[in-house]
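Reading through the structure tokens given below for one structure.
Just so we're clear, the structure is a prediction, and the values are computed from it rather than from any experiment. Reckoned from all heavy atoms, side chains included, excluding hydrogens, waters and symmetry mates. Numbered from 1 within each chain, the chains take letters A, B, ... in sequence-line order.
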Amino acid sequence: MARSRRPAVDEWFAGEGARFRLLGTRCAACAAVFFPREDTHCRNPACPGGELTEVPLSPRGRVWSYTDSRYRPPSPYVSDPELPWEPYALIAVELAAERIVVLGQAVPGVTVADLAVGMEVEVVAGVLYEDTGTTWLTWHWRPTEVAV
Amino acid sequence: MTDGVAVLGAGMHPWGKWGRGFTEYGAVAARAALADAGLTWGEVGSIVGAVTVRGGYPGYVAGASFAKALGWQGARVASVYAACASGAQAVDTARAQILAGLADVVLVVGGDAAPKGFFRPVGGDRPDDPDWLRFRVLGATNPTYFGLYARRRMAVHGDTAEDFALVKVKNSAAGALNPNARYRRRVGAEEVAASAMVADPLRLLDICATSDGGAALVLSSMEFARRHGVADPVRIRAVSTVTPRYPSTVLDLPDIATDSTVAAEPPDGSFRASIARAAYEEAGVGPEDLSLAEVYDLSTALELQWYEDLGLCAEGEGAKLLREGATALGGRIPVNASGGLASFGEAVPAQAIAQVCELTWQLRGQAGGRQVEGARVGITANQGLFGHGSSVIAVR
């Protein structure tokens, strides 16, 4: 039986293929943007507080910094201890329109050797882990100029 | 600002992996600090414990755990949790009690029995906890954040892996002279370069270990110190416990994203710089007055960042200051004369207190082979997860 596909975190991203987007919220009073989404109160201390509405974030940005994880992270990260550890890269990405830096894993196969600060990346849907019934989805950053 | 409060005693349990409970480390450190102060536990009116978190009740309610271990004697008690800033907030709580006239003498204690390997959140499914989420969704351990800062410095300031290694070389040389340090062996640059990569570009020897350890201070009013026969004690002149200002633009542990600067311009200077600035303002001193600094070198690269945030040099000049030897023992402004976390490892609620112990010994001229000649003013700096600032200025 096919696994169902579900986001690893509810309401942080949506869409398939080229329409995949991270979802933040925007304050109607001061225009501040929040990711991960802020649904309770605007956190700008100078803002009287406005309605927070969902807003998709820009799909492309530039690498602010990057690193990788050469050792298996502890739980609650999910990985199969039976398999050898495959390091993944982490990329912090600056989104120009939102003026925000968002962290995420690189798409599988992209290593730190492929990355440079300032390089353009785009957000894509990715698989965080799978269990018996479910494929748990996340977001990945993919360099626009690196073939994977 | 008053003249501050007096540091009558300082004590530690050596750092290491001892496999015992945090209460024992704290109690050993507390007894050492009391002996150093020439006071008995029965003369202490208040105890403040810095809290560790290991499931269940945080730190098993630290202040009271230490009070029980030392023997219940009816002292006022408080427990403080602020992640890595817990120790500084414990000092601040003690100071506030003394300045308010609620207590003459306060014992401040921190101890920890850290887990081996990576710090991790306590168990359970907690999708509303940002610390749990960064592990679950990103596998972002603490070293990966250190790696991000380090790589950013390389891109923006031109720092190199060799610069980072030099921090370890410097701190290990100081730590070799400190009987309380866990690692007491000089480390060479080749050894750092040959150690395993943990989070590119940082290697195992660029990143501090987790340790067991304890540290304690006996603080008092200046009036009590004089009555006690100590005319010229080390004094705490500032304790900075500031939070960040919105919008925070540095991706800090355990954040998944920064604040957006669409609606508000970022404040002048980083959060770390504001921690130091608040301490300088409270103490009425500046970076040019410092004899030494104890900073949180969670990674070698982060120590260079602190040079700039403390105003020891201009932004981007940290590696240059290091290469000149200014921050080594014998240099213009020694940093981490104790050996730092590179030599101690991290025992979270004890470390900010341990930094003040080092300032105390340095300002008294009791630091042995690692003594900073003629030390008069010292600063400590660290940053607690979730927006806790921590800096202490002590003078003599």
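- Two residues are said to be in side-chain contact when any heavy atoms from C-beta on lie closer than 4.5 Å; B/Ile207 and B/Leu298 fail this criterion.
- Interface remark: A/Val9 contributes side-chain atoms only to the contact with chain B (heavy atom separation under 4.5 Å).
- In terms of non-hydrogen atom pairs under 4.5 Å with chain A, the most contact-rich of B/Gly139, B/Ala199, B/Ala263, B/Gly124 is B/Gly139.
- With sequence neighbours excluded, no residue forms a ring-ring contact (aromatic ring centres under 6.0 Å, His included) with B/Phe271.
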Considering distance alone, list the donor-acceptor pairs between chain A and chain B shorter than 3.5 Å.
unit_1   : atom_1 : unit_2   : atom_2 : d
A/Arg43  : NH2    : B/Asp259 : OD1    : 3.3
A/Trp64  : O      : B/Arg152 : NH1    : 3.0
A/Ser65  : OG     : B/Leu148 : O      : 2.6
A/Ser65  : OG     : B/Arg152 : N      : 3.3
A/Thr67  : OG1    : B/Asp200 : N      : 3.4
A/Thr67  : OG1    : B/Asp200 : O      : 2.6
A/Asp68  : OD1    : B/Asp200 : N      : 2.9
A/Arg70  : N      : B/Val198 : O      : 3.0
A/Pro76  : O      : B/Arg136 : NH1    : 3.0
A/Tyr88  : OH     : B/Leu138 : O      : 3.2
A/Tyr88  : OH     : B/Gly139 : O      : 2.6
A/Glu98  : O      : B/Ser260 : OG     : 2.7
A/Arg99  : O      : B/Thr261 : N      : 2.9
A/Arg99  : NE     : B/Thr261 : OG1    : 3.0
A/Arg99  : NH1    : B/Thr261 : O      : 3.3
A/Val101 : N      : B/Thr258 : OG1    : 2.9
A/Val101 : O      : B/Thr258 : N      : 2.9
A/Leu103 : N      : B/Ile256 : O      : 2.8
A/Gln105 : NE2    : B/Leu138 : O      : 3.1
A/Tyr129 : OH     : B/Arg136 : NH2    : 3.3

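- Between B/Pro267 and B/Pro247, the shortest heavy-atom distance links the atoms CD-O, 3.4 Å.
- Of the atoms belonging to A/Leu128, it is side-chain heavy atoms, and not backbone ones, that fall under 4.5 Å from chain B.
- Put simply, of A/Ala32, A/Pro73, A/Ala92, A/Pro74, the one with the most heavy-atom pairs under 4.5 Å next to chain B is A/Pro74.
- Taking both residues in full, the closest heavy atoms of A/Val121 and A/Pro143 are given as CG1-CA, 3.7 Å, listed atom of the first, atom of the second, then distance.
- Interface residue A/Ala97: only backbone heavy atoms are found under 4.5 Å from chain B.
- No part of B/Ala150 comes within reach of chain A, as not one of its non-hydrogen atoms sits under 4.5 angstrom from that chain.
- Of all heavy-atom pairs between B/Ala350 and B/Gly213, the closest is CB-O, 4.0 Å.
- Contact annotation: the side chain of B/Leu138 approaches that of A/Leu103 to within less than 4.5 Å [non-hydrogen atoms, C-beta and beyond].
- Taking each heavy atom of B/Gly389 and B/Ile275 in turn, the nearest pair found is CA-CD1, 3.5 Å.
- Looking at B/Leu133, only its side chain comes within 4.5 Å of chain A, counting heavy atoms on both sides.
- Nearest heavy atoms, B/Phe164 versus B/Ala301: CE2-CB, 3.5 Å.
- B/Phe119 contributes atom CZ, which lies 7.0 Å from atom SG of B/Cys84 (distance to the nearest 0.5 angstrom).
- Between the CZ atom in A/Phe13 and the CZ atom in A/Phe35 there is a gap of 8.5 Å [rounded to 0.5 Å].
- In terms of heavy-atom pairs under 4.5 Å with chain B, the best-connected choice from A/Val93, A/Val33, A/Val78 is A/Val33.
- Both the backbone and the side chain of A/Val102 come within less than 4.5 Å of a heavy atom in chain B.
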